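Note sheet for the following structure.
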Amino acid sequence: METISTTASFGGELLRIKHRSQACDCDMIFAIYLPPQAKEKSVPVLYWLSGLTCTDENFMQKAGAQRVAAELGIAIVCPDTSPRGTDFAGEHDSYDFGSGAGFYVDATEEPWSANYKMYDYVTRELPGLVNEHFPVNGRCGISGHSMGGHGALVCYLRNPGKYLSVSAFSPICHPSDCAWGQKALSGYLGEDRNNWKPYDAALLIVDAEEKLPLLIDQGTEDDFLSDQLKPGTLEQACIANHYPLELRMQEGYDHSYFFISTFIEDHLRHHAEALL
């Protein structure tokens, strides 16, 4: 692994790390914030999955999470949102498919199946690297925004026992029933909708094997609320299956990092209750 940069922040360190990914068969970059407590002992870690068009840098630069993470003693890991450097035909043509839009699935359709294995990368390879090379204690939670909120919910629901806490901002709750999700799932997985279910939180939560408290924040002025995100669908599935969901509709907030930075402390403290 290669350290690209190291930056001091609230007594801790923010590192950007480049490594060769076996899952994605390309070089990948992730960011990790190590709180000051990590200099003396191993700490728990929160994995943050970012949204469409983002990289590992967006959350670390815009969310303002390091102050509270330093207070609590929680590391934060931010992977990239897709493989880089593959340059397939059409990969860079649109913001919601291809580069910056890996959707946290393991692609089965060519040419994407050669590199777009973001589910495997996020749930298996990256945690393995973090646990091996950094002072973390194996206790982890997961969160994310938009496409990354979808990813966080799916990774948690498909891996009972792996994560001790879960939350999301403005997640794509039912990708099988929105344009973003249908474009991505059909492109990466094919047209058979049976292959989409493992990546649809509103469908997965019906058979959830564990029921960790789920915190979701959603802005009421989010331009994507009704046609892409559809939190009501997830809420109804939770009600029907007695799943503990706290869905907070935040009046006047949109889809941006202004929204995330306003409520990120609540989420970090939500995760701290389990991780610490």
Side-chain angles (χ1 to χ4, degrees), residues 48-54 58-59 81-82 90-109 112 116-119 122 142-158 166-208 214-241 243 245-250 253-257 259-260 263:
W48 173 272
L49 307 185
S50 294
L52 290 167
T53 75
C54 290
N58 296 73
F59 178 84
T81 50
S82 66
E91 186 176 16
H92 315 302
D93 289 354
S94 58
Y95 78 96
D96 55 355
F97 187 79
S99 54
F103 247 80
Y104 306 103
V105 305
D106 284 347
T108 56
E109 295 293 296
W112 316 104
Y116 276 66
K117 302 289 188 180
M118 290 301 298
Y119 174 80
V122 165
I142 193 164
S143 186
H145 171 234
S146 195
M147 178 185 73
H150 139 78
L153 296 178
V154 165
C155 291
Y156 155 65
L157 289 167
R158 289 183 59 179
V166 59
S167 75
F169 285 83
S170 314
I172 302 172
C173 294
H174 191 20
S176 299
D177 191 37
C178 74
W180 280 344
Q182 291 168 354
K183 181 176 181 178
L185 297 179
S186 62
Y188 294 134
L189 304 174
E191 297 297 337
D192 185 349
R193 287 179 172 247
N194 292 319
N195 297 327
W196 299 6
K197 181 179 178 179
Y199 299 103
D200 191 314
L203 302 179
L204 289 173
I205 211 155
V206 173
D207 300 313
L214 173 56
L215 172 63
I216 292 179
D217 273 316
Q218 171 64 63
T220 62
E221 298 304 308
D222 191 321
D223 289 341
F224 309 112
L225 173 58
S226 60
D227 58 342
Q228 302 282 14
L229 306 177
K230 302 189 175 183
T233 304
L234 182 65
E235 183 179 33
Q236 289 303 311
C238 288
I239 292 171
N241 293 277
Y243 192 97
L245 167 67
E246 182 180 4
L247 173 60
R248 307 194 307 185
M249 300 301 296
Q250 303 291 3
Y253 285 90
D254 59 15
H255 200 68
S256 72
Y257 267 88
F259 166 53
I260 295 171
F263 299 103

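Just so you know, these numbers come straight off a predicted model, no measurement behind them. Residue indices begin at 1 and follow the sequence shown.
- In this structure, SG in C54 is found 11.0 Å from CZ in F59, a value given to the nearest 0.5 Å.
- The minimum heavy-atom distance between S146 and G51, with the atom names listed, is CB-CA, 4.5 Å.
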Trace of the side chain to side chain contact (heavy atoms under 4.5 Å, CB included) decision for E109 with E191: CA-CA 10 Å; E109 295 293 296; E191 297 297 337; over 6 Å; no

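- By the 4.0 Å N-to-carboxylate-O rule, K117 lies too far from D106 to be salt-bridged with it.
- Atom CD in Q218 sits 11.0 Å away from atom CZ in F224 (nearest 0.5 Å).
- Of all heavy-atom pairs between S50 and Y104, the closest is O-OH, 2.8 Å.
- In this structure, CG on L157 lies 8.0 Å from CG on L214, to the nearest 0.5 angstrom.
- Checking T53, I172, D96, L49 one by one against M147, the side-chain contact (heavy atoms from CB on, under 4.5 Å) holds for a single residue, I172.
- Under the 4.5 Å side-chain criterion, counting only non-hydrogen atoms from C-beta, Y257 is not in contact with F169.
- Side chains of S176 and D200: a donor-acceptor N/O pair is present below 3.5 angstrom, by distance only.
- In this structure the side chain of L189 reaches within 4.5 angstrom of the side chain of Y199, judged on heavy atoms.
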Criterion ring-ring contact (aromatic ring centres under 6.0 Å, His included) on F97 and Y188, from CA distance to verdict: CA-CA 9 Å; F97 187 79; Y188 294 134; 4.4 Å; yes

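- Between the side chains of S143 and S167, at least one donor N or O lies within less than 3.5 Å of an accepting N or O.
- With hydrogens and angles disregarded, no donor-acceptor distance shorter than 3.5 Å links the side chain of K230 to the backbone of C178.
- Residues F259 and E221 have side chains not in contact (no heavy-atom distance under 4.5 Å, counting atoms from C-beta outward).
- Taken to the nearest 0.5 Å, the NE2 atom of H174 stands 12.5 Å off from the CD1 atom of I205.
- The backbone N or O of D223 sits nowhere less than 3.5 Å from a side-chain atom of H255 that would complete a donor-acceptor pair.
- Of all the heavy atoms in Y116 and S82, the pair that sits closest is CE2-CB, 4.1 Å.
- With a 4.5 Å cut-off on side-chain heavy atoms, W180 and F103 count as touching.
- The closest side-chain heavy-atom distance from N58 to H145 is not below 4.5 Å.
- Distance CG/N195 to CG/L185: 10.0 Å, rounded to 0.5 Å.
- Nearest approach of K183 to S94, heavy atoms of both residues: NZ-OG, 3.1 Å.
- Between V206 and K197 there is no side-chain heavy-atom pair separated by less than 4.5 Å.
- A donor-acceptor pair is defined here as one N or O able to donate and one able to accept, closer than 3.5 Å; no such pair exists between the side chain of W112 and the backbone of G98.
- For the pair D222 and L229, the minimum side-chain heavy-atom distance is below 4.5 Å.
- Atom SG of C173 and atom CD1 of I216 lie 5.0 Å apart (nearest 0.5 Å).
- Of all the heavy atoms in A152 and G144, the pair that sits closest is CB-N, 3.9 Å.
- Contact of the T81 side chain with the L52 side chain is not registered, since no non-hydrogen atoms from C-beta on lie closer than 4.5 Å.
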L153/L234 under side chain to side chain contact (heavy atoms under 4.5 Å, CB included): CA gap, chis, key distance, verdict: CA-CA 11 Å; L153 296 178; L234 182 65; 4.0 Å; yes

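- A donor-acceptor distance shorter than 3.5 angstrom exists from the side chain of D192 to the backbone of N194, with no hydrogens or angles considered.
- The two atoms that bring V154 and A201 nearest to each other are CG2-N, 4.2 Å, heavy atoms only.
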